[in-house]
Amino acid sequence: MEQLLADVKAVSMGPFDGSPVHSMNRWWRQTEQGWAALDEAAKATIPPLSSAR
């Protein structure tokens, strides 16, 4: 995911650790096991992508 962010193929919601990342038409979060797609309930709390940039 870090490489996707560096290549601007993914967008971070903010400049802080734990910030959700948008890539491949999904929102992701970093977990202890790696990156996990957010479920529908979590996605509902994130503003539209155009607002998150």
Side-chain angles (χ1 to χ4, degrees):
M1 193 65 73
E2 287 79 10
Q3 186 62 50
L4 291 172
L5 287 164
D7 293 343
V8 193
K9 294 181 180 177
V11 178
S12 177
M13 182 148 184
F16 53 89
D17 289 341
S19 176
V21 173
H22 191 264
S23 179
M24 298 178 285
N25 294 321
R26 298 199 69 168
W27 283 101
W28 303 82
R29 65 179 173 88
Q30 193 166 20
T31 68
E32 292 178 2
Q33 293 79 28
W35 288 90
L38 295 182
D39 62 19
E40 293 299 317
K43 287 190 319 190
T45 65
I46 296 175
L49 185 57
S50 60
S51 301
R53 291 181 188 223

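Because the structure is predicted, anything quoted here is derived from the model rather than measured. Just the heavy atoms: all of them, side chains too, but no hydrogens, waters or symmetry mates, feed the values below.
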> Heavy-atom distance under 4.5 Å between the side chains of M13 and R29, does that happen here?
Replying inline: no
> Is L4 isolated, or which residues cluster with it under the ILVMFWY side-chain rule of less than 4.5 Å, directly or via members?
Replying inline: M1, L5, V21, M24, W28, W35
> Nearest heavy-atom pair of R26 and L38: which atoms, and what distance?
Replying inline: NH2-O, 3.8 Å
> Any donor and acceptor pair, going by atom type alone, linking the side chain of S19 with main-chain N or O of G14 inside 3.5 Å?
Replying inline: yes
> Can you name the residues that form a salt bridge (charged side-chain N to carboxylate O under 4.0 Å, His left out) with E32, not counting sequence neighbours?
Replying inline: none
